[in-house]
Q: 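First the structure, which I've put down as structure tokens, then a few questions once you've had a look.
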There are 2 protein chains.
Amino acid sequence: MLSIGKLSGATGVKVPTIRYYEQIGLLPRAGRSTGNQRLYDRPAVERLAFIRHARELGFSLEDIRELLALADDPEKPCAAADLIAGRQLAAVNARLRRLEALRDELQRMLAQCTSGRIADCRVIEVLGNHALCAHDHAEAAGA
Amino acid sequence: MLSIGKLSGATGVKVPTIRYYEQIGLLPRAGRSTGNQRLYDRPAVERLAFIRHARELGFSLEDIRELLALADDPEKPCAAADLIAGRQLAAVNARLRRLEALRDELQRMLAQCTSGRIADCRVIEVLGNHALCAHDHAEAAGA
DNA sequence: CCCATATCTATAGTCGATACAGGTTTAGAC
DNA sequence: GTCTAAACCTGTATCGACTATAGATATGGG
Ligand SMILES: [Zn+2]
Ligand SMILES: [Zn+2]
Ligand SMILES: [Zn+2]
Ligand SMILES: [Zn+2]
């Protein structure tokens with residue numbers, strides 16, 4: 001049985017994050033030592049490693065919740081899991097296209113700036129006037 | 001002079017967002033009508049359009065705060081602005097490389113799945129075992 | 001036994017908004 | 001002039017996925 005610190009070391013997930021995952025019900029409530037400290041067994045390590053890997057691949061915690069539920073049911077068809085991964089791939093592709101447009105605009109404005117006074121700065125000028133852009137790059141940038 | 005609703009319509013920035021920008025000091029406190037409603041002039045429209053465009057290009061509000069301060073000082077050298085844009089370009093490039101790796105992994109796992117039972121699902125299998133991945137794709141996925 | 005480290009809980013903060021509640025002002029129709 | 005619906009006001013709470021802090025308790029090595 002591992003302490004939360006050892007589990008953290010074994011998976012690369014920070015201690016407060018593990019507690020957070022338990023709090024939101026992504027990890028089951030851990031067993032406790034006589035002194036009330038969390039103890040983890042091997043399946044817990046695998047479950048957390050699964051979560052970490054899915055996070056690295058960009059899945060949301062809600063998606064991961066569903067994927068974990070599916071993983072616990074080996075006889076079911078995997079169409080639901082493939083659907084979630086397909087959605088994720090589509091989201092990644094959308095973000096890629098958007099970021100490529102942003103990269104092009106940023107490169108363009110930097111290349112056109114002669115690095116003189118602010119009054120002549122192409123960066124400031126383009127930011128103030130989207131008509132100077134080559135792409136549309138609409139929508140919020142967060143994604 | 002425009003009401004906040006007209007300003008919103010003119011710039012595409014939602015009304016609560018405009019109030020939020022004022023609250024955090026990104027927009028100066030707007031003048032008020034006799035009935036205490038915000039009123040905006042033409043420079044306010046331009047300032048908000050600048051903010052919106054910079055957000056679309058992925059700049060953080062803190063970066064935008066600096067860029068606005070620079071834009072207000074036309075005689076200064078523009079190196080600081082170019083530096084911020086360069087940082088943003090580097091961040092976008094980093095996110096692009098990362099997303100490309102994610103896209104490859106997601107495509108691979110989906111292509112290898114025969115869509116049978118969960119027990120044989122390649123998606124679930126790869127998520128549980130990073131050794132099956134071709135790339136490293138480390139770091140958090142948020143960015 | 002002592003002490004440094006690890007762990008515990010609960011709460012607040014991050015970013016960039018968005019949503020809601022409950023009240024006031026305004027603009028247009030009559 | 002009056003009515004009503006829309007827009008506006010403030011303040012607070014919420015989202016996702018953590019991260020940080022404070023103050024208390026437990027554990028493990030010397
Ligand atoms: Zn410049
Ligand atoms: Zn543009
Ligand atoms: Zn599958
Ligand atoms: Zn992997």
Side-chain angles (χ1 to χ4, degrees), chain A residues 1-27 29-40 44 48 50-68 87-88 91 95 98 138-143, chain B residues 1-27 29-40 44 48 50-68 88 91 95 98 139-143:
Chain A
M1 300 290 266
L2 304 173
S3 72
I4 196 169
K6 305 285 184 197
L7 176 63
S8 172
T11 59
V13 179
K14 288 179 187 156
V15 168
T17 304
I18 298 172
R19 287 196 280 249
Y20 167 71
Y21 286 165
E22 178 180 320
Q23 196 198 314
I24 63 169
L26 198 58
L27 290 175
R29 276 208 276 176
R32 299 297 180 115
S33 74
T34 52
N36 197 37
Q37 302 200 351
R38 289 172 181 80
L39 290 177
Y40 297 92
L48 185 53
F50 183 102
I51 294 171
R52 178 174 194 212
H53 196 206
R55 283 298 295 136
E56 284 177 358
L57 288 164
F59 290 92
S60 73
L61 294 184
E62 278 318 300
D63 279 351
I64 294 171
R65 201 188 290 274
E66 283 188 61
L67 289 166
L68 283 168
R87 262 200 280 116
Q88 179 61 17
R95 292 210 269 156
R98 180 162 163 63
E139 311 280 315
Chain B
M1 299 291 267
L2 303 172
S3 71
I4 195 170
K6 304 288 182 193
L7 176 64
S8 172
T11 58
V13 178
K14 289 178 187 158
V15 168
T17 303
I18 297 173
R19 288 197 279 247
Y20 168 70
Y21 287 164
E22 178 180 320
Q23 196 198 314
I24 64 171
L26 198 59
L27 290 176
R29 276 208 275 177
R32 300 297 180 114
S33 73
T34 53
N36 198 36
Q37 303 202 349
R38 289 172 182 82
L39 290 178
Y40 297 92
L48 185 53
F50 183 102
I51 295 172
R52 176 170 196 215
H53 196 206
R55 283 297 295 138
E56 284 177 358
L57 288 164
F59 290 91
S60 72
L61 294 183
E62 276 319 299
D63 280 350
I64 294 171
R65 201 189 290 274
E66 284 189 60
L67 290 166
L68 283 168
Q88 178 63 15
R95 292 210 269 156
R98 179 164 163 64
E139 310 281 317

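Naming: A, B, ... by sequence-line order, numbering from 1 per chain.
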Q: May I ask you to say what B:I24 touches in the nucleic acid, namely base, sugar-phosphate or nothing, with a heavy-atom cut-off under 4.0 Å?
A: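 No contact at all - B:I24 keeps every heavy atom at 4.0 Å or more from the nucleic acid.
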Q: Would you sort out whether B:V13 and B:I51 count as a side chain to side chain contact (heavy atoms under 4.5 Å, CB included), showing the intermediate values?
A: CA-CA 9 Å; B:V13 178; B:I51 295 172; over 6 Å; no
Q: Taking atom OG of B:S8 and atom CG of B:L2, what is their separation to the nearest 0.5 Å?
A: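 If I round to the nearest 0.5 Å, the distance is 11.0 Å.
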Q: Of the options C:dC8, D:dT10, D:dC18, whose atoms approach the side-chain atoms of A:R55 most closely?
A: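 In terms of side-chain proximity for A:R55, the closest of C:dC8, D:dT10, D:dC18 is D:dC18.
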Q: Which residue pairs satisfy the side-chain hydrogen bond (donor to acceptor under 3.5 Å, both in side chains) criterion with at least one member in residues 13-22 of chain A, sequence neighbours excluded?
A: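 Passing the test, one end in residues 13-22 of chain A: A:E22-A:R38.
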Q: Sugar-phosphate atoms are those with a prime plus P, OP1 and OP2; base atoms are the rest. Using that split, label each nucleotide of nucleotides 19-29 of chain D B, S or - for protein heavy atoms under 4.0 Å, 5' to 3'.
A: S------SS--
Q: How close or far is atom C1' of C:dG16 from atom CG of B:D63, stated in whole angstroms?
A: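 Those two atoms, CG and C1', are 14 Å apart.
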Q: Does the side chain of B:R95 come within less than 4.5 Å of B:R98's, by heavy atoms?
A: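 The answer is no, as the side chains (C-beta and beyond) never meet within the 4.5 Å cut-off.
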Q: B:I4 CD1 to D:dA7 P: how many Å, rounded?
A: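 Answer to the nearest Å: 13 Å.
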Q: Choose from D:dC8, C:dT7, C:dA17 the nucleotide whose nearest atom is closest to any side-chain atom of B:Y21.
A: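 My answer, after comparing the listed nucleotides, is C:dA17.
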Q: Take atom CG of B:L26 and atom C1' of C:dG16, then tell me their distance rounded to the nearest Å.
A: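 Whole-Å distance recorded here is 11 Å.
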Q: Please check the phosphate of C:dG16 (OP1 and OP2 only) for any side-chain N or O of B:R52 closer than 4.0 Å.
A: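 Negative; the distance criterion is not met.
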Q: In this structure, how many angstroms lie between the C1' atom of D:dT10 and the CD atom of B:E22, rounded?
A: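 Checked: the CD to C1' distance equals 12 Å.
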Q: Taking atom CZ as the centre, does A:R32 end up with more than 12 heavy-atom neighbours from other residues, nucleotides or ligands that are less than 6.0 angstrom away?
A: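 Check passes, neighbour count above 12.
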Q: Please tabulate, for side-chain N and O atoms in residues 58-68 of chain B, each donor-acceptor pair with protein atoms closer than 3.5 Å (sequence neighbours left out).
A:
{"unit_1": "B:S60", "atom_1": "OG", "unit_2": "B:E62", "atom_2": "N", "d": "3.4"}
{"unit_1": "B:S60", "atom_1": "OG", "unit_2": "B:D63", "atom_2": "N", "d": "3.0"}
{"unit_1": "B:E62", "atom_1": "OE1", "unit_2": "B:R65", "atom_2": "NE", "d": "3.3"}
{"unit_1": "B:E62", "atom_1": "OE2", "unit_2": "B:R65", "atom_2": "NE", "d": "3.1"}
{"unit_1": "B:E62", "atom_1": "OE2", "unit_2": "B:R65", "atom_2": "NH2", "d": "3.3"}
{"unit_1": "B:D63", "atom_1": "OD1", "unit_2": "B:R87", "atom_2": "NH1", "d": "3.4"}
{"unit_1": "B:R65", "atom_1": "NH1", "unit_2": "B:I24", "atom_2": "O", "d": "3.1"}
{"unit_1": "B:R65", "atom_1": "NH2", "unit_2": "B:I24", "atom_2": "O", "d": "3.0"}

Q: In whole angstrom, give the distance that lies between atom CG of A:L2 and atom P of C:dA6.
A: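 A:L2 atom CG is separated from C:dA6 atom P by 15 Å.
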Q: At less than 4.0 Å, is any side-chain N or O atom of B:S3 found next to OP1 or OP2 of D:dA7? Yes or no.
A: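 Answer is no, no contact under 4.0 Å.
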Q: B:M1 CE to D:dC8 P: how many Å, rounded?
A: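 After rounding, the gap between these two atoms is 15 Å.
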Q: Remember a base hit wins even if backbone is also touched, and classify B:R38 as base, sugar-phosphate or nothing at under 4.0 Å, heavy atoms.
A: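 Answer is sugar-phosphate: B:R38 comes under 4.0 Å of backbone atoms only.
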Q: Report the residue (A:Q23 or A:L39) whose heavy-atom-nearest nucleotide on DNA chain C is the more 5′ of the two.
A: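 The residue mapped nearer the 5' terminus is A:L39.
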Q: From B:T11 OG1 over to B:Y40 OH, what is the distance, rounded to the nearest 0.5 angstrom?
A: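 Rounded to the nearest 0.5 Å, the OG1-OH separation comes out at 9.5 Å.
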Q: Within less than 4.0 Å of OP1 or OP2 of C:dC8, is there a side-chain N or O belonging to A:R19?
A: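 Checking A:R19 against C:dC8: at least one side-chain N or O falls below 4.0 Å of OP1 or OP2.
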Q: Whole angstrom is fine here: how far is it from CZ in B:F59 over to C1' in C:dG16?
A: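 Nearest whole value for this atom pair: 17 Å.
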